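Down below is the structure, laid out as structure tokens.
FYI, side chains are in, hydrogens and waters are out, and symmetry mates aren't considered; it's all heavy atoms of this structure. Values in this document were obtained by computation on a predicted structure and should not be read as measured data. Letters A, B, ... are given to chains in the order of the sequence lines, protein chains preceding strands, and every chain is numbered from 1.
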Number of protein chains: 2
Amino acid sequence: MSVGIRHDDLRRRNRAMVISAVRRAGQPSRTEIAATTGLSHSTISAISSDLIQEGILAESKGSETVSLKRGRPQVGLSLNPEAAAVLAVVLSLNSLSVAVIDYAGQVVAEEQRRLDTLTMSRDELIDECVAIVRRRLEDPDLDVQSVARIALAIQGITDSHARAMLWSPITPQTNIAFADILEREFAIPAIMENDCNMMAVALRWRDPDRYRDDFIAILLSHGIGMGLVLKGELFTGTHSSGGEFGHMIHRPGGALCRCGRRGCVEAYAGNYAIWRNARQLSENAEPVADVSDAEMRALAARARETDGPEREAYRKAGEALGFGLGSLFALIDPAPVAMVGASAAAFDLIEPALREAIAQTAGGQHSGSISFDTEPNELPLIREGCAMRALSFVDQEIFAPSIQARAGSVGKNVA
Amino acid sequence: MSVGIRHDDLRRRNRAMVISAVRRAGQPSRTEIAATTGLSHSTISAISSDLIQEGILAESKGSETVSLKRGRPQVGLSLNPEAAAVLAVVLSLNSLSVAVIDYAGQVVAEEQRRLDTLTMSRDELIDECVAIVRRRLEDPDLDVQSVARIALAIQGITDSHARAMLWSPITPQTNIAFADILEREFAIPAIMENDCNMMAVALRWRDPDRYRDDFIAILLSHGIGMGLVLKGELFTGTHSSGGEFGHMIHRPGGALCRCGRRGCVEAYAGNYAIWRNARQLSENAEPVADVSDAEMRALAARARETDGPEREAYRKAGEALGFGLGSLFALIDPAPVAMVGASAAAFDLIEPALREAIAQTAGGQHSGSISFDTEPNELPLIREGCAMRALSFVDQEIFAPSIQARAGSVGKNVA
DNA sequence: GCTCTTTTTTTCGAGCCTCGAAAAAATACT
DNA sequence: AGTATTTTTTCGAGGCTCGAAAAAAAGAGC
């Protein structure tokens, strides 16, 4: 059972809703907000007047759109870019990047570095992250006071409280509480998120028509990751970021996976698996640490050219992904899929076997109607998701705060 | 974004919360309710006074517990059994049952019938359901006016709006809108639910300590079903009841499943699969329609006795369940599992191979800590879940109604 | 048996919040 | 310039929750 609603919660929630409506719509008028929220004009007027006075929203006078209708013209409300700023940090294999984003969602500064994450020590990894954030915060153009949140995305498993990286393929280190470390270092609230989950968040902001309530984002890269939105909410595991689609079992006792187990989907569809099969190495061959994008492009080109082991490798990848998706669809029903990452560019090689495999599974009856979309560039997507996540936090926790933390919840009602 | 909260919603929600607190706690005092909901004593007092006046709650004077403390004794609030009644109908293979339950959750009447569901026509099936409900409603001891809800659980896939059975192993018929049919026939709101989901609901009411926020209920029967609670909420597919654990793919292209596809978990762990393997028939052998409980018990006894094909059949079942659970745990993280149904009595034969398989999967690191519980009798559980579901509906939709249906939601905030 | 203490429950006024209606504001049309 | 139209603000009414205080109902002590 959720906790009772008190009188002060009411204003808080409706404030949050107005902010959220503005963030989503861009420059909605008060009338439009009233329509989407279902609240009365008087209420919207009162709340937005507060928000403007507090410098959170602003009336966008500049964009005097040519009013085609007569009557008093609607005046658009927009987010005040200076109300706050957030940092989005993305840590992936051999790469660390950070972006400063203003409250309106515009990138105002960014920095990217190459690192050798696989060989770095725990402290080196932490120090690099702290240092790159510090450099951004020391930028004289930035008002440090306004930085309200740091969001860090990592390829790997994070805990469900968004505090720590539990395990990652990009480093042998485990259990690094990045969120706590950054928070202590800079006294700015920080969260730690899984990269694929952030991809899903970003897709939802980018194309809410296609990616609305239920969809799947799959990262086809050295490993296989997934971000899943169900019923309009990001799906996470009960203890971790969850959604380890790449480690569902495709063939019990099958090919050797980077995680040390056997038969995972990733052991057939990850870059290293495609590379291993293309070279006709044994399924027991130790996964290689990294395969360059150029090398993968060469494999794909060769697969398109001749019907040799390269094409067969992509076929096996498609089959593994297809049976994995089929099992997933048995649990959640089919949903639109976005294939993200460098290997999404080779989706033409993967798709036939993938569809054939799905057709043999419980999700198969709708095999034809499942639509796939590809997006080869994952980094911007992850960063964007990170930024939106951080901004949403500011919207809700800082600009629409509860008067006081409420007594603990007592569990929801399931029946 | 969810819709704005209006002033009248506030009372409605808090009313619902008080009712729910009473249903959960049994006979809580106003003070206890104030503590669990976080609302003030004044508010609880006002709301409970309303509810008593409306005949929904009652002060339980009878149970004067020996007050050990001094001071004014707490007076327990309880649900008024006569406030309403609900019907729980359970349709499973060759069996149809109905129970009338009063508002306090006590069974006041029941009836059970044997049917040959596999051979019945669509109309016969519908007529039997309508007839059994009609007989209960015509009972002179029952005030028909008070019946507020009918909940029907079926073994099979239901749609996500809880209106229709889409597909079921107990009948060749498909797409029967039982909820609509009953609703039209009796002018009583009806819902249609998946049996395994109702098992999960019931477990949560029965043992909220063990089955709280995240757990899995697996039905081991002729087929394999699953009910899943995640983050305190019943997990369903996006379009259907979902959670078709039995039809996750265990071995691509493997044993023939009752659903017509190959390699499903059920094709190794369902009763017919165990029976097929025990007789050393081919994996391609057509699944038999039904195996009696007595026959399954005999198989299990023989498996315990000698290390023959029977034991191997149970081992294969355990392996399939284990890899299936392992894949599931890759997505949702490990959680407590309840094994329900006649074959749960043979869980001793299944468990070793199951644990061994899980240990080879992503969920494996916690293999030892995953706890299994068994409950051989599924029918009472399903009925109980059905009843609680129907009662919760009455609690929320009838006794705490919204003043008017609100404007459509605009999607939740994911970031 | 009476009073005191303790705990629960109710009562009451204050403070917010949202709502609907009406007024004010801002523009196009004539 | 006046009128029509649409958006936004203002204002009073009605509800809801809250805290404080009062009332109620018992046990404890003498």
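In this structure, A/Asp395 pairs ionically with A/Arg23, as a charged nitrogen and a carboxylate oxygen lie closer than 4.0 Å.
Every residue two or more places apart in sequence or in another chain that forms a side chain to side chain contact (heavy atoms under 4.5 Å, CB included) with A/Ser146 is listed here: A/Ala85, A/Asp143. In this structure B/Glu183 satisfies the salt bridge (charged side-chain N to carboxylate O under 4.0 Å, His left out) test together with B/Arg163, sequence neighbours excluded. Residues satisfying the side chain to side chain contact (heavy atoms under 4.5 Å, CB included) test with A/Ser49, not counting sequence neighbours, are none. In this structure B/Asp209 satisfies the side chain to side chain contact (heavy atoms under 4.5 Å, CB included) test together with B/Asp207, B/Arg212, sequence neighbours excluded. By the side-chain hydrogen bond (donor to acceptor under 3.5 Å, both in side chains) test, B/Arg184 is found to be paired with no residue, residues two or more places apart in sequence or in another chain being considered.
The side chain of A/Arg6 contributes no N or O atom lying less than 4.0 Å from OP1 or OP2 of D/dC16. For the OP1/OP2 pair of C/dC17 and a distance below 4.0 Å, the side-chain nitrogens and oxygens of A/Asn14 include no atom meeting the criterion. Contact annotation: A/Ser42 side-chain N/O to C/dC19 OP1/OP2 distance is not under 4.0 Å.
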Name each donor-acceptor pair under 3.5 Å that joins a side chain in residues 28-35 of chain A to protein atoms two or more places apart or in another chain, with its distance.
| unit_1 | atom_1 | unit_2 | atom_2 | d |
| --- | --- | --- | --- | --- |
| A/Ser29 | OG | A/Thr31 | N | 3.3 |
| A/Ser29 | OG | A/Glu32 | N | 3.2 |
| A/Ser29 | OG | A/Gln74 | OE1 | 2.8 |
| A/Arg30 | NH1 | A/Glu59 | OE2 | 3.3 |
| A/Arg30 | NH2 | A/Glu59 | OE2 | 2.6 |

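If you check D/dT9, D/dA28, C/dT18 against the side chain of A/His41, the one that comes closest is D/dT9. Checking D/dC16, C/dT10, D/dC18 against the side-chain heavy atoms of B/Leu10 singles out D/dC16 as nearest.
Interface remark: the B/His7 side chain does form a donor-acceptor pair with the D/dG14 base, using a distance-only criterion of under 3.5 Å.
Within the structure, the salt bridge (charged side-chain N to carboxylate O under 4.0 Å, His left out) test picks out the following pairs touching residues 33-52 of chain A (sequence neighbours left out): A/Arg11-A/Asp50.
In this structure, B/Arg11 atom CZ and C/dC17 atom C1' are separated by 15 Å, rounded to whole Å.
Here B/Thr31 lies in heavy-atom contact (under 4.0 Å) with sugar-phosphate atoms only.
Taking the nucleotide of DNA chain D with the nearest heavy atom to each of B/Ile44 and A/Ala46, the more 5' of the two is matched to A/Ala46.
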Using a cut-off of under 3.5 Å, enumerate the N/O to N/O pairs linking the protein to nucleotides 22-25 of chain D.
| unit_1 | atom_1 | unit_2 | atom_2 | d |
| --- | --- | --- | --- | --- |
| D/dA25 | N3 | B/Arg72 | N | 3.2 |

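Of all the residues in residues 47-55 of chain A, not one reaches under 4.0 Å from DNA chain D with any non-hydrogen atom.
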